[in-house]
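Structure, as structure tokens:
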There are 2 protein chains.
Amino acid sequence: MNDNLLNYDVSNYRTPDGYTSDIAVFTIISTEVGQYKPPEKTLKIMLIKRTEKTKEGHSNVEGGKWALPGGFIKPEETAYEAAVRELSEETGITGLRIKHFGVYDQFGRDKRGWIISNAHYAIVPENKLVKRRAADDASEVELFSMDEVFQLDLAFDHKQIIEEALWFIKKDMSLTTVAKNFLPKQFVLSELQGVLLTVMDEPWLKLDAQFFRKAPSLPFIEKVVKDGVPQKTNRWSKNKAQLYRFNDFEPYVSIYNAKY
Amino acid sequence: MNDNLLNYDVSNYRTPDGYTSDIAVFTIISTEVGQYKPPEKTLKIMLIKRTEKTKEGHSNVEGGKWALPGGFIKPEETAYEAAVRELSEETGITGLRIKHFGVYDQFGRDKRGWIISNAHYAIVPENKLVKRRAADDASEVELFSMDEVFQLDLAFDHKQIIEEALWFIKKDMSLTTVAKNFLPKQFVLSELQGVLLTVMDEPWLKLDAQFFRKAPSLPFIEKVVKDGVPQKTNRWSKNKAQLYRFNDFEPYVSIYNAKY
DNA sequence: GCAATAGTGTCTTTTAGACATTATCCT
DNA sequence: AGGATAATGTCTAAAAGACACTATTGC
């Protein structure tokens, strides 16, 4: 047996000073830009502004900075449960699909000591965010675009966490059909394109000719047809466009047989 | 509010008669076929043979049939914890990565009543299976190839569960680099090809010319180079072959930009 | 007709597929 | 040299990319 193990003395080892849970809440917001134009879609992240003073009147750590919603995990909670609770307390949002994606435990990431954070992310349709509010030790809640967020002086190592959350969002959007959560049941190709472009920026997505050629044969969407008649809409343009819906095909693509 | 909800009477509704956890344990076994030839690899699944009689001496349900290891979940357990425990009890295997993949709750799937099963799967390197043994209410433990397993008269709806587990295994192998768990740290392209072929059967994998051309540029593997000299081995052939290793790149491929 | 979005035609470039060929090297 | 596996060359077929073009329709 290793000598080091025999000489182990628990008091020589430091235990974490805190165990927290943070949540990166992403949403795609639509801004109307004209009568026929489809709304412009932007990926935004929700941040809270940390108060300058705690409830007890002490000056708050990283007070005044923008941060991910989150907080300390209670002893009887899991990190996931804490994420759900904190999000509800700080922003009033409930009922989201929340996913754990990483642990941030580098010593020095929090000036208060050795604080471990479990990072989660959620992708939320815009309408779930309407009744957001500031509460608790968050003084303000606001949505920021990705451009904006990386200009801010963020609390702790939240910049890094957001960067990595963004990577997971992209992955989720690419690998799964989550995009459907941001679209009406029946949608038009340009709407799908808009959602995908908020997160991905592959060239073929941007070029209409390529996207419109390829998209119709994606195996997980299908044309909406009623009594043999393809259903169309002109909700976004004078020219009627074919409606599509997601079917229940679950696609996956081999990493061994792809372009990189 | 819906009238049906107002008239709800709990006694009108049946509660499940049992809540179980089953595990499909897959492994890739290698059989030596010659001095230089790389061993032939086959995907196998571990099944247990149900005893004819219970410990109490009653005749066992589906006794004598081959079945997935598993059993009833204890009240204080999660389905996952039960899967881990059952696998250890019935086969002596511990320390595996086990994943939940489905719930089987169709009435009639178990003659004893309404029994809900949480299905899990695990992909295990062959060396973890060496000390497997039969225990408890399993009289025998054996590995079957996919061809064999679907010939058997399996207990309950385990045939269906295995079919779906197989789908998930393929997905896992395709989407992640789990393949590395079946290879030495440093491996040769034909070894990688062998592992992939146990699960996938895409044509380009089978054609050496295509596989050997494409594989070297997969972004998640790299040539083993020492002091600028590419390292080679002749462990499988008289001709030396380049050694590769997995790097820590985490690949993913968009479902929107793939061939189907 | 104009403007704006939807969708196609067609050419070029790139990649995949098939199979023959060469390269290496242990016995 | 023989035999076996590793790897490349080369031709053909298919798919992706680029961009011009046509189609539809409300105003």
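Residue numbering restarts at 1 for every chain, and letters A, B, ... go by the order of the sequence lines.
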Rounded to whole Å, how long is the line connecting atom [atom1] of [X] with atom [atom2] of [N]?
X	N	atom1	atom2	value
B/Asn257	D/dG17	CG	C1'	11 Å
B/Gln242	D/dT8	CD	C1'	15 Å
B/Leu243	D/dA7	CG	P	10 Å
A/Leu189	C/dA4	CG	P	21 Å
A/Lys238	C/dA3	NZ	P	9 Å
B/Asn234	D/dT5	CG	C1'	11 Å
B/Tyr256	D/dA16	OH	P	17 Å
B/Gln231	D/dA6	CD	C1'	17 Å

Between B/Glu191 and B/Arg235 (salt bridge meaning N to carboxylate O under 4.0 Å), is one present in this structure?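 Looking at B/Glu191 and B/Arg235, the cut-off is met.
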Hey, does the side chain of A/Ser190 come within less than 4.0 Å of C/dA6's phosphate (OP1/OP2), counting only N and O? yes
Ring centroid separation B/Phe144 to B/Trp66 under 6.0 Å: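 Yes, they do, as the ring centres are separated by less than 6.0 Å.
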B/Tyr104 vs B/Gln160, test: side chain to side chain donor-acceptor pair (under 3.5 Å). Steps then yes/no. CA-CA 10 Å; B/Tyr104 294 82; B/Gln160 185 198 346; 5.2 Å; no
So which nucleotide from D/dA7, C/dT5, D/dA16 ends up closest to the side chain of A/Asn239?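 In terms of side-chain proximity for A/Asn239, the closest of D/dA7, C/dT5, D/dA16 is C/dT5.
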Cut-off 3.5 Å, side chains only: do [X] and [Y] have a donor facing an acceptor?
X	Y	answer
A/Tyr256	B/Glu202	no
B/His120	B/Asp22	no
A/Tyr121	A/Asp172	yes

Strictly below 4.0 Å, heavy-atom distances to any atom of DNA chain D: list the hits from residues 201-219 of chain B, or just say none. B/Ala209, B/Phe212, B/Arg213
Taking the nucleotide of DNA chain D with the nearest heavy atom to each, does B/Ala241 or B/Lys259 sit closer to the 5' end?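 Its nucleotide being nearer the 5' end, the pick is B/Ala241.
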For the pair B/Phe220 and B/Phe246, name the ring-plane relationship: parallel under 30°, tilted 30 to 60°, perpendicular over 60°.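 Parallel, since the angle between the ring planes stays under 30°.
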